[in-house]
Amino acid sequence: MSAVLDTHGHDDHAHHPTGIMRWVTTTNHKDIGTMYLWFSFTMFLVGGIMALVIRTELFAPGLQIVDPERFNAMTTYHGLIMVFGAIMPAFVGFANWLIPMQIGAPDMAFPRMNNLSFWLLPPAALLLIVAQFTPGGGAGVGWTMYAPLTVQAPMSMDLTIFAVHILGASSIMGSINIITTILNMRAPGMGLMRIPLFCWTWLITAYLLIAVMPVLAGAVTMTLTDRHFGTTFFNAAGGGDPVLYQHIFWFFGHPEVYIIAIPAFGVISQIIPAFARKPLFGYTSMVYATASIAVLSFLVWAHHMYTVGMPVEGQLYFMYATVLIAVPTGVKVFNWVATMWRGSLTFETPMLFACGFLFLFTMGGFTGLVLSIVPIDVQLHDTYYVVAHFHYVMVAGALFSAFGGIYFWLPKWTGKMYNETLGKWHFWLSFIFFNMTFFVQHFLGLAGMPRRIPDYSLQFTEFNVISSIGAWGFGLSQLLFLYIVVSTIRSGKKAADKQWDGADSLEWTHLPSPPPYHSFETPPVLK
Amino acid sequence: MASTTHSASRYYLPAPSKWPITAATAMLFVTFGAAFTVNHLTLGYVLLAIGLVIFAYMMFGWFGTVAHESEGGRFNQQVDASFRWGMSWFIYSEVMFFAAFFGALFYIRTFSIPWLADAENKLLWPDYSGAWPAAGFGPANVGDQFTPIAAFGLPAINTLLLLTSGVTVTIAHWALKVNKRGALIGWLAATIALGLTFLFVQMYEYGHAYHALNLKLTTGVFGSTFFMLTGFHGFHVTIGCIMLMAILGRSIAGHFKPEHHFGFEGVAWYWHFVDVVWLLLFILVYWL
């Protein structure tokens with residue numbers, strides 16, 4: 001199974017398009033990875049602006065800047081855009097850049113389909129954004145798109161449904177590509193239990209995506225036909241049930257949580273050993289723990305639905321199954337800490353983000369355990385406690401991991417070093433403002449403030465003021481990140497081929513910084 | 001991997017291509033068009049039509065390119081293995097799509113209908129029995145009486161048609177492996193004929209349901225699950241027939257070799273998948 005390009009590929013070097021057409025027609029995993037990352041950051045800003053609309057409205061009780069319908073639309077599209085437009089594409093960007101380099105492959109297995117996976121995203125983003133300006137405004141149905149509200153929502157709902165369809169198609173194609181690449185494109189000698197943990201986490205994530213994105217497509221298709229073609233899947237008058245939607249949605253939705261979290265685990269599992277200058281503790285147990293989390297993720301979906309009126313037996317089963325997830329997750333956290341134990345630790349920016357991840361993600365995990373307990377969840381359901389919980393997992397978990405990964409691999413990708421001082425500023429500003437925004441939301445939720453409302457009673461004012469100031473601080477801090485990345489690309493100092501002492505995967509040990517256009521034209525020789 | 005034929009020694013990496021962006025553009029038109037169409041905006045029909053034309057152009061172009069590359073000997077065994085993994089996982093995603101609708105059917109029959117007919121709801125709907133399929137029109141749609149389609153009529157004939165087509169496509173595959181081109185083309189054509197007959201029978205059955213049995217898409221949740229499940233299956237049979245026609249055309253043009261023909265096998269896998277889904281439909285939707 002030697003190597004790469006046939007001669008035809010070399011001939012084509014002569015007439016590779018340049019300028020914009022290079023990016024539009026590219027079949028190169030690095031170009032596509034770069035586009036994914038920039039798209040993700042753009043959507044992060046769009047979704048972030050929506051978040052700031054929400055937080056500004058909630059700065060004081062009463063209605064200030066948006067009417068309630070627009071507020072509901074903001075919470076809906078903030079969620080959809082951040083999940084499907086920002087976080088998921090960010091990790092697909094990492095996958096594109098890193099997997100071929102880490103397994104010693106020339107490129108992804110299906111380079112043209114890879115291009116299509118990316119270029120389906122802008123039409124989806126356009127659908128979600130245009131939806132805000134259709135008659136009736138954006139659909140204020142929440143990112144979970146529960147029936148029967150979605151059946152009654154204005155036409156923006158249809159644009160949203162079709163956006164979900166093509167986002168799903170994009171994810172499925174991307175996942176097929178990633179699985180095939182990892183299973184079929186490894187260099188000779190690169191056994192499955194030798195690939196870096198980042199590749200393992202993506203192999204498992206891609207499996208989850210292929211399993212659940214079609215289910216989401218089914219759910220929104222039923223919503224579409226209930227809206228326009230007279231079916232009654234979610235209408236009790238015709239024998240259906242609105243709760244059916246919730247079951248189907250969360251059968252997708254819970255694995256989706258891990259689809260976001262597991263690649264983040266992979267990035268952290270690359271960063272921590274590099275800065276502890278020790279191999280990852282318990283590689284094999286990490287693989288099995290990740291796979292266990294993936295299997296369990298299919299079996300716990302109704303813990304999002306404790307209050308729909310399910311039988312007590314159902315509540316008990318879903319509670320026990322959910323608590324079980326703490327075991328493999330605990331294995332992972334233990335292994336990260338054990339990797340640091342007695343290592344020669346240094347704390348450059350990627351490591352700071354990894355440590356921030358470790359503290360805050362674990363906190364989000366703990367509040368998740370709290371919420372998994374039925375009697376407590378009945379009290380906290382649909383309050384700001386839930387909002388605080390999942391932002392600890394999504395922002396301090398997934399997003400911090402993505403930031404850490406960008407700082408970690410930017411020297412490899414660009415061949416240039418970022419400004420360490422500014423990077424540390426970015427971390428500490430993000431860390432402090434993140435906690436300012438979301439830590440107080442635990443208290444709001446415990447005190448009974450419901451989520452997804454534009455107005456609240458007076459006793460919630462102080463915590464909301466703190467949270468809103470934190471949100472603006474967090475949002476503005478991300479402009480510093482943009483500045484750091486752009487200035488690195490434009491005028492960073494030259495980075496070493498192996499910028500980090502402890503980094504041991506192939507992209508550091510076998511390739512220069514920046515790596516050549518086609519990573520491994522011949523497979524690397526592995527010890 | 002040792003190369004058995006004159007296949008390329010290296011993994012084939014395609015040059016930059018216009019087809020993916022063509023596909024994305026088609027989807028841009030199709031999705032906006034569909035979203036406007038369901039809201040009865042004239043612009044929607046126009047966008048949808050443009051999108052579908054671009055999509056058809058893309059399918060011809062992209063698949064044509066891949067077939068040309070394959071016949072040009074650019075794909076070595078590693079590329080072949082990639083296609084096998086890719087097609088397997090694609091079919092798995094299709095399985096999960098149908099699982100959502102089968103799951104809905106299961107939930108409705110096991111939970112929502114019995115719950116709607118339980119003692120509490122007797123106050124609201126005293127006459128609602130909760131017996132499937134008669135109760136499938138729902139408690140508040142009492143005017144909408146319907147007759148379900150009997151399993152051992154046309155559906156049983158359709159089952160036979162599809163199962164037979166699974167056999168004929170396998171015979172075509174055997175013929176290809178021993179390089180009997182005439183038999184390959186003949187059995188492939190027979191498979192397509194069986195698939196098209198299936199579609200024709202199903203269309204006739206739909207007409208019968210609408211006009212004689214008062215069974216419609218809007219007939220409560222029975223109509224919803226019946227038409228969505230059989231409809232999506234019929235859509236997949238249509239895609240399968242188009243795929244079969246494509247490989248029939250390639251067979252007539254002399255494509256495929258006894259030891260290198262994944263284009264053929266991928267379509268055969270897909271056809272068997274459609275076949276298995278039908279068996280589940282026959283048992284769970286028509287029969288039980």
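Hydrogens, waters and symmetry mates are skipped; everything else that's a heavy atom, side chains included, is used. Residue numbers start from 1 in every chain, and the chains themselves are labelled A, B, ... in the order their sequence lines are given, proteins ahead of strands.
Not counting sequence neighbours, B:W269 has no partner by the side-chain hydrogen bond (donor to acceptor under 3.5 Å, both in side chains) test. By the side-chain hydrogen bond (donor to acceptor under 3.5 Å, both in side chains) test, B:T230 pairs with B:Y206, sequence neighbours left out. Qualifying ring pair (Phe, Tyr, Trp, His ring centres under 6.0 Å) partners for B:Y45, counting only residues two or more places apart in sequence or in other chains: none.
Residue A:I172 touches chain B through its side chain alone, counting heavy-atom pairs closer than 4.5 Å. Using a 4.5 Å cut-off between heavy atoms, A:L216 does not touch chain B at all. The contact between A:L159 and chain B is made by backbone and side chain atoms together, counting heavy-atom distances below 4.5 Å. The parts of A:L120 that come within reach of chain B are both its backbone and its side chain, each placing non-hydrogen atoms under 4.5 angstrom from that chain. Neither the backbone nor the side chain of A:H165 comes within less than 4.5 Å of any heavy atom in chain B.
Using a 4.5 Å heavy-atom cutoff, the side chains of A:N184 and B:R84 are not in contact. Here the side chains of B:F90 and A:M173 are not in contact, with every heavy-atom distance at 4.5 Å or above. Side-chain contact between A:R112 and B:V66: present, with at least one pair of heavy atoms (C-beta onward) separated by less than 4.5 Å. The side-chain heavy atoms of B:F32 and A:F162, taken from C-beta on, include no pair separated by under 4.5 Å. No side-chain heavy atom of A:F110 sits less than 4.5 Å from a side-chain heavy atom of B:W85. Considering only heavy atoms from C-beta on, B:S112 stays 4.5 Å or farther from A:L244 through its side chain.
Highest contact tally toward chain A, considering only B:A104, B:A117, B:G136, B:G103, is held by B:A104 [criterion: heavy-atom pairs under 4.5 Å]. The greatest number of non-hydrogen atom pairs below 4.5 Å with chain A, out of B:F101, B:F98, B:W125, B:F111, is found for B:F101. Interface remark: of the candidates B:S17, B:A100, B:A135, B:S17 forms the most heavy-atom pairs closer than 4.5 Å to chain A.
With rounding to the nearest 0.5 angstrom, the NE2 atom of A:H247 is 10.5 Å from the CZ atom of B:F106. Taking CG of A:D241 as the start and CD1 of B:I108 as the end, the distance is 8.0 Å to the nearest 0.5 Å.
Proximity to chain A among residues 55-62 of chain B is limited to B:W62, judged by heavy-atom separations below 4.5 angstrom.
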